[in-house]
Amino acid sequence: MKRLSLLTLFAAALCCSATAQVTHTFDIQTARPGAVIQPTMYGIFFEDINFGADGGLYAEMVKNRSFEFEDPWMGWNTTGNVEIRDDGPFEHNPHYAHLSYSGHRVKHTAIENEGFFGISVKKGETYKFSVYARVPEEAGNKAYFEVQICDKSLDLNQHKLASAKITVEGNEWEKYEVDLTPFATCEDGVLRIFLRNSNFKKPQNAVDGPSIDLEHVSLFPAKTWKDRPSGMRQDLAQALYDLHPGVFRFPGGCIVEGTDLTDRYQWKHTVGPVENRPLNLNRWQYEFDYRFYPDYYQSYGLGFFEYFQLSEDFGAEPLPVLNCGMTCQFENPIEGEATYHVAVEDLDPYIQDAVDLVEFANGADTTTWGKLRAEMGHPAPFNLKFLAIGNEQWDYKDNPAYTKRLARFIEVLRQKCPGIKIIGTTGPNSEGWDFDLLQPRMKQLGVDLYDEHFYRDEEWFLSHGLRYDDYDRKGPKVFAGEYACHGKGKYPDGREKKRNHFETSLYEAAFLTGIERNADIVHMATYAPLFAHVKGWQWRPDLIWFDNFRSFRSISYYVQQLYSHYKGTRVLPLTMEGEPVAGQEEQDGLFASAVVDEVAGSVIVKVANVSDTPASIHLNLLNKKKAAQFAAAEVITLHSDDLDAENSLENPEAVVPVKAGLDAAVRDITIGPKTFQVYIFKR
Ligand code: AHR
């Protein structure tokens, strides 16, 4: 956060107050703390969309490392004598590359990987290359290859940025590893592997250049999140950590459901040795209509173990979402239910997967799945508390397609996993016939929370400030599991307004005051989607954008971060003329909420002014017992004069929160037009 001087702030306040008319009084009951704000309140929702996992958070740099894509050479260029064989060492990923003498003394045999939008390396940094290799029995006992990181745009003398020579011995599969340190930076590089002879020159003849088998070709930066080998991208994991998320929903989204049952997300495929995690199609590849051939798959290198580990790193409660026996209902009609969805009487394996996941997370290391967790490096339980069943599923008026399946899960989970809180869903819509059908059914089924999704436009966000004020307080708690303000329409130059621009982020900030005020009923909220590669996105807006080297945090990210960092511990009643401040008529575009942080000893007031004029506000910090005295105060402001302003790779901090000191006695404030502010009064 940037810091402004006190003087600057006062100058800005004075300048605004010159034009402000009415003074609005916010009555804030500082001595009457209300609902507890759940530690889970603001979190993150990860889905492998927009190259969020492979090519994103999961730092593997080689695309199609196991030759398992539908086209096994996708991502690879080849020359010479190469072929794909399918009796490799890893049962679930059986394909590998067989390289042999080219047939001519001067011709190469080599393979070249293009990476995810290029193999991108930085000068002087270390990259960990590894591969499983063997000499095929018919080819003797030794084979030689050279691995190179190359910049194709450079000349003969310079293009090889780093290289290593490796001798493979024996006919058994072994892992070979070497560190590569490029002498120059290159964003659009390639990884090359040349078959060599014993002098590490081109093979001169068939005897000279024996064949070699290669499997699971991998390249990772040495620097990863927490320096874990073959781990997560440092900057992206750091961005998540910096949000201080209270809950971490994973792995989706539609990806949980699959385009059909075969490619649904199955957590058991994502644990154990990475080499043997079966590749799965990524259902988001079909959203790339500008790509000729689909090349978006899930290697599951970021699987359920890594997910639980990250949750622990971030101090966030893990919240897995599991398939409920239904595929994506948008893509699969309910007619022919048996084909697209699992019949209720056949749900047992799906339910067992849920029970087993709880064992994987929480079971003793003597249990089947707890033992695997321990073998993977985490003997202590992960202390899983939540489980969501189904993503965006819905019922039909004449067929409770989702709830009849959910009921079966609940029955078993309540009995076998009694401590786990179960989360249902109200489908893809935050209102309408499907929502109206499901919301009462969630209550009848007795779920602990239900998941609401709303990707809505500006008008919706501004008119739903009171959304949760009328919710049944006895009902299940709410998890606002996917939301984002999607700008409606287009700019004059034809670009869609569905972007991470300041205006929509401001409206999210305004709307979130209503979530905060209703913390007794809303227990979790997560923006979606989380990540997007600038060269590979399908969906926007997104919280964090990146390319292979850089990343930036959207303005929405900063909104979430402000709410998360200043979430407080309990809600304080805040009213204006006896009404909650939620942008109603005659409230002049103001939205506000207040909390107390009983640990830090602070009172925090969040105010959004979505109008075009400054607003004068008197913060009436009521406390009957003793006058509300504070030793210090500060204000954090999120504002841009340009509603279309966006952060970007080139200008990552175009709009960021700015922190300034404030006189602790100040109660009369002026908030500029189109501005979000967080006031913090400290005892
Ligand atoms: O966040 C993108 C998608 O939006 C999710 O996969 C799905 O749940 C929703 O429709």
Side-chain angles (χ1 to χ4, degrees), residues 43-54 56-57 240 245 247-260 263-265 267 280-289 296-298 302 307 319-324 326-332 341 387-395 401-402 406 423-432 434-435 438 442 449-457 460-461 478-487 496 498-500 504 508 524-533 536-545 554 556-557 560:
I44 47 180
F45 160 51
F46 178 90
E47 176 167 26
D48 190 359
I49 182 174
N50 307 320
F51 283 86
D54 293 304
L57 180 59
L240 300 183
V247 69
F248 187 175
R249 177 175 177 238
F250 179 94
C254 296
I255 216 164
V256 170
E257 303 156 0
T259 306
D260 54 38
D263 58 53
R264 74 188 190 277
Y265 196 102
W267 77 265
N280 196 12
L281 184 89
N282 187 313
R283 53 90 67 210
W284 290 106
Q285 68 168 245
Y286 297 117
E287 312 293 322
F288 279 98
D289 52 9
Y296 194 4
Y297 287 81
Q298 303 173 81
L302 166 51
Y307 156 60
L319 192 163
V321 188
L322 294 185
N323 187 295
C324 66
M326 300 182 82
T327 54
C328 175
Q329 285 171 263
F330 287 112
E331 292 176 352
N332 299 292
H341 311 291
L387 201 54
I389 307 298
N391 173 45
E392 284 181 347
Q393 323 301 155
W394 62 90
D395 280 356
Y402 169 55
L406 177 62
I423 299 167
T425 171
T426 42
N429 292 307
S430 47
E431 55 273 304
D434 43 356
F435 180 86
L438 277 176
M442 289 303 110
L449 295 103
Y450 60 82
D451 181 8
E452 293 185 355
H453 294 179
F454 37 94
Y455 299 102
R456 294 289 187 259
D457 64 15
W460 189 97
F461 269 80
V478 175
F479 172 27
E482 291 182 31
Y483 66 88
C485 181
H486 282 196
E496 283 202 332
K498 272 166 76 168
R499 306 179 75 86
N500 287 102
T504 48
E508 286 157 6
M524 303 169 178
T526 54
Y527 182 98
L530 187 59
F531 283 124
H533 195 298
W537 59 272
Q538 298 93 33
W539 181 296
R540 73 173 173 206
D542 305 285
L543 210 62
I544 299 162
W545 288 81
S554 68
S556 293
Y557 173 98
Q560 313 304 309

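Note that this is a predicted model, so its numbers are computed, not measured. Because only heavy atoms are used, hydrogens play no part in the values below, and waters and symmetry mates are left out as well, while side chains stay in. In each ligand, atom 1 is the first atom listed, and ligand 1 is the first ligand listed.
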Heavy-atom gap Trp284 to ligand 1 smaller than 4.0 Å: yes

Say whether Pro428 and ligand 1 are in contact under the criterion: heavy-atom distance to a ligand atom below 4.0 Å.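 No, Pro428 has no heavy atoms under 4.0 Å from ligand 1.
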
Per-atom contacts, ligand 1 versus [X] - under 4.0 Å to a heavy atom:
X: Glu47; result: 1 (O), 2 (C), 5 (C), 6 (O)
X: Asn391; result: 7 (C), 8 (O)
X: Trp539; result: 2 (C), 3 (C), 4 (O)

Evaluation steps, side-chain hydrogen bond (donor to acceptor under 3.5 Å, both in side chains), between Glu392 and Gln329: CA-CA 8 Å; Glu392 284 181 347; Gln329 285 171 263; over 6 Å; no

Yes or no on ring pair (Phe, Tyr, Trp, His ring centres under 6.0 Å) for Trp267 and Tyr307, after CA distance, side-chain angles and deciding distance? CA-CA 11 Å; Trp267 77 265; Tyr307 156 60; over 10 Å; no

Proximity winner for atom 3 (C) of ligand 1, if only heavy atoms of Glu257, Glu482, His453, Glu392 are counted: Glu482

Spacing of Trp460 atom CH2 and His486 atom NE2 [to the nearest 0.5 Å]: 12.0 Å

For ligand 1, indicate whether the residue Ile255 contacts it via side chain, backbone, both or neither (heavy-atom separation under 4.0 Å).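 No part of Ile255 comes within reach of ligand 1.
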
Any luck finding a side-chain donor-acceptor pair between Tyr557 and Asn500 under 3.5 Å? no

Give me the ring orientation class for Phe250 and Phe46: parallel if the planes are under 30° apart, tilted from 30 to 60°, perpendicular past 60°. parallel

Would you call the rings of Phe435 and Tyr450 parallel, tilted or perpendicular if under 30° counts as parallel and over 60° as perpendicular?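 It falls in the perpendicular class, over 60°.
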
Which protein non-hydrogen atom lies closest to atom 1 (O) of ligand 1, naming both residue and atom, and how far is it?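 The closest one turns out to be Tyr455 OH, 2.7 Å.
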
